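Chain naming here is simple, since letters A, B, ... match the order of the sequence lines and numbering starts at 1 in each. Computed from a predicted structure; not experimentally measured.
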Number of protein chains: 2
Amino acid sequence: MSVRNAILSFLAQRPRHGYELRNAFEALVGGEDTWGVKPAQIYTTLTRLEEAGLICQESVEQDGGPEKRIYALTESGLLELQAWFGSGVESEHQRDEFFVKLMLSLSTEGVSPYRVIHTQRGLLYQELHDLTTRRSRSNPKTELAQILLFDKTIMHLEADLRWLDMVEARLDEIQRQPLPEPESKPRGRPKKS
Amino acid sequence: MSVRNAILSFLAQRPRHGYELRNAFEALVGGEDTWGVKPAQIYTTLTRLEEAGLICQESVEQDGGPEKRIYALTESGLLELQAWFGSGVESEHQRDEFFVKLMLSLSTEGVSPYRVIHTQRGLLYQELHDLTTRRSRSNPKTELAQILLFDKTIMHLEADLRWLDMVEARLDEIQRQPLPEPESKPRGRPKKS
DNA sequence: TAAATATAAACCAAGTTACTAGTTTTGTCA
DNA sequence: TGACAAAACTAGTAACTTGGTTTATATTTA
């Protein structure tokens, strides 16, 4: 979704071709190691946007080298973009992979939930360390936006670590509660009872 | 990925058929409004897992009604599952849609970044309110796991809100910094230096 | 007929792997 | 000095994977 809308937004500034869009995006998010977007993704997204009528091919340059398909925003593309800016970004509510893993580890024999937590904590600390290092290497005079993005991720990692401690402390309690295992219900409309 | 691995984990307990797996998953994550998984996703995932050789059809029950394809875990499926439990869940590092939107709003005319922040804050407060309500309606004697999952999401939302304030306070500063227009890299073979 | 179990086929959107092919610059060697 | 290979950039295509949705189905039972 981000890449898609970013393309629309760049094309709202002026018509561009695929490679130009890729560079613009990478510059915006902070380069390869932050959000490396592969060239192919730009082009597949462009064709999908064109199919949807949100952009159109304006012209094809060919100054000696390979072709440059120049895309431009259509009216409906502009509307879509404005709708995006006007709406909020919903969080991935409750779809937490680690939570699922932890719950499953409680009901799977041969797997220790404490070990699962331990492993996860190790990974989180690792990621936290990497990010703080990279954050401290950034220049606040020119890369403030990047630093703020680092801060956001760091805050999330710290929250995850606090949560992990919380869960670990109450794991016995969770384990004592009945596991939510539904038995297969009988076929057909349920009895009125 | 979660659904996929959850299926493997359920099949590790005992062989089951599609609908049974769906019920097990919904019971685990807490029902429709938390993580509604459509039946079709279970079946598509099952066929993909079978193609990958991680599960196999053990038998087909047919007690009068429609067939029930019973799936079982294979050895390589068990290995895969253990690998999953043994590894950590990596966070979606730095791929933040709202950050992209905010940055784009700075360089798109006709869009106010303050408005974008305002809208997002409204949505976050809304989500926070909904979650705290639902959390308070849960029973800690029987749904402790669910409550902890609510807590995790709530902690993330709170972090997002704090971050939003932080960013808003420094928005002028960000705006004064040069927009990261893509720097064109030097072409050709790099100098030996 | 209403409501539930149980499954299948077709499709979709985001993103990846692997590839082609030309361009520009630098390094090196005969 | 001239030829040429090496390395990186520019620009794009095709095929595939993955996670998920839409829609349609048949069956059972109150």
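C/dT28 atom P lies 15 Å from atom NZ of B/Lys191, rounded to whole Å. In this structure, CZ of B/Arg95 is placed 9 Å from C1' of C/dG15, rounded to the nearest angstrom. Rounding to whole angstrom units, NZ of residue B/Lys68 and C1' of C/dA4 are separated by 13 Å. Taking atom CD of residue A/Gln41 and atom C1' of nucleotide D/dT17, one finds them 14 Å apart after rounding to whole Å. When rounded to the nearest whole Å, the span between CD of A/Glu20 and C1' of D/dC9 equals 15 Å. Look at CZ on B/Arg22: it is 11 Å from P on C/dA6, rounded to the nearest Å. Rounded to whole Å, the distance from CG on B/Leu8 to C1' on D/dG19 is 15 Å. Going from atom CZ of B/Arg48 over to atom P of D/dC16 covers 16 Å, rounded to whole Å.
Scored by the side-chain contact (heavy atoms from CB on, under 4.5 Å) test, B/Ser112 finds B/Tyr114, B/Arg115 as partners (sequence neighbours excluded).
Counting distance only, with no hydrogens placed and no angle test, the side-chain atoms of B/Arg4 and the base atoms of D/dG20 include no donor-acceptor pair under 3.5 Å.
OP1 or OP2 of C/dT17 sits under 4.0 Å from a side-chain N or O of A/Lys38. Checking the phosphate oxygens (OP1, OP2) of D/dT10, a side-chain nitrogen or oxygen of A/Tyr19 falls inside 4.0 Å. For C/dA8, neither phosphate oxygen OP1 nor OP2 lies less than 4.0 angstrom from any side-chain nitrogen or oxygen of B/Tyr43. When the side-chain nitrogen and oxygen atoms of B/Lys185 are compared with OP1 and OP2 of D/dC9, none of them lie within a distance under 4.0 Å. Note on A/Arg69: a side-chain N or O is less than 4.0 Å away from OP1 or OP2 of D/dT13.
Base engagement by B/Pro39 is indicated by at least one non-hydrogen atom pair under 4.0 Å involving a base atom.
Closest to the side chain of B/Ala40, from the set D/dG20, D/dT23, C/dA6, is D/dT23. Comparing D/dG12, D/dT21, C/dA6 by their nearest atom to the side chain of B/His17 picks out C/dA6.
For B/Val37 and A/Tyr71, each mapped to the nucleotide of DNA chain D holding its nearest heavy atom, the one lying further toward the 5' end belongs to A/Tyr71. Nearer to the 5' terminus of DNA chain C, by closest-nucleotide assignment, is the contact made by B/Thr44 (compared with the other of A/Met1 and B/Thr44). Between A/Ile42 and B/Gly18, the residue whose closest nucleotide on DNA chain C is further toward the 5' end is B/Gly18.
Look at B/Arg69 and B/Glu50 and you find no salt bridge, because none of the NZ, NE, NH1 or NH2 atoms lies under 4.0 Å from a carboxylate O.
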Between B/Ser91 and A/His156, is a side chain to side chain contact (heavy atoms under 4.5 Å, CB included) present by the stated rule, with each step listed? CA-CA 9 Å; B/Ser91 45; A/His156 273 94; over 6 Å; no
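Using cut-offs of 30° and 60° for the angle between ring planes, the B/Trp163 and B/Phe98 rings count as perpendicular.
The salt bridge (charged side-chain N to carboxylate O under 4.0 Å, His left out) analysis of residues 23-42 of chain A, with sequence neighbours excluded, yields the pairs A/Asp33-A/Arg134.
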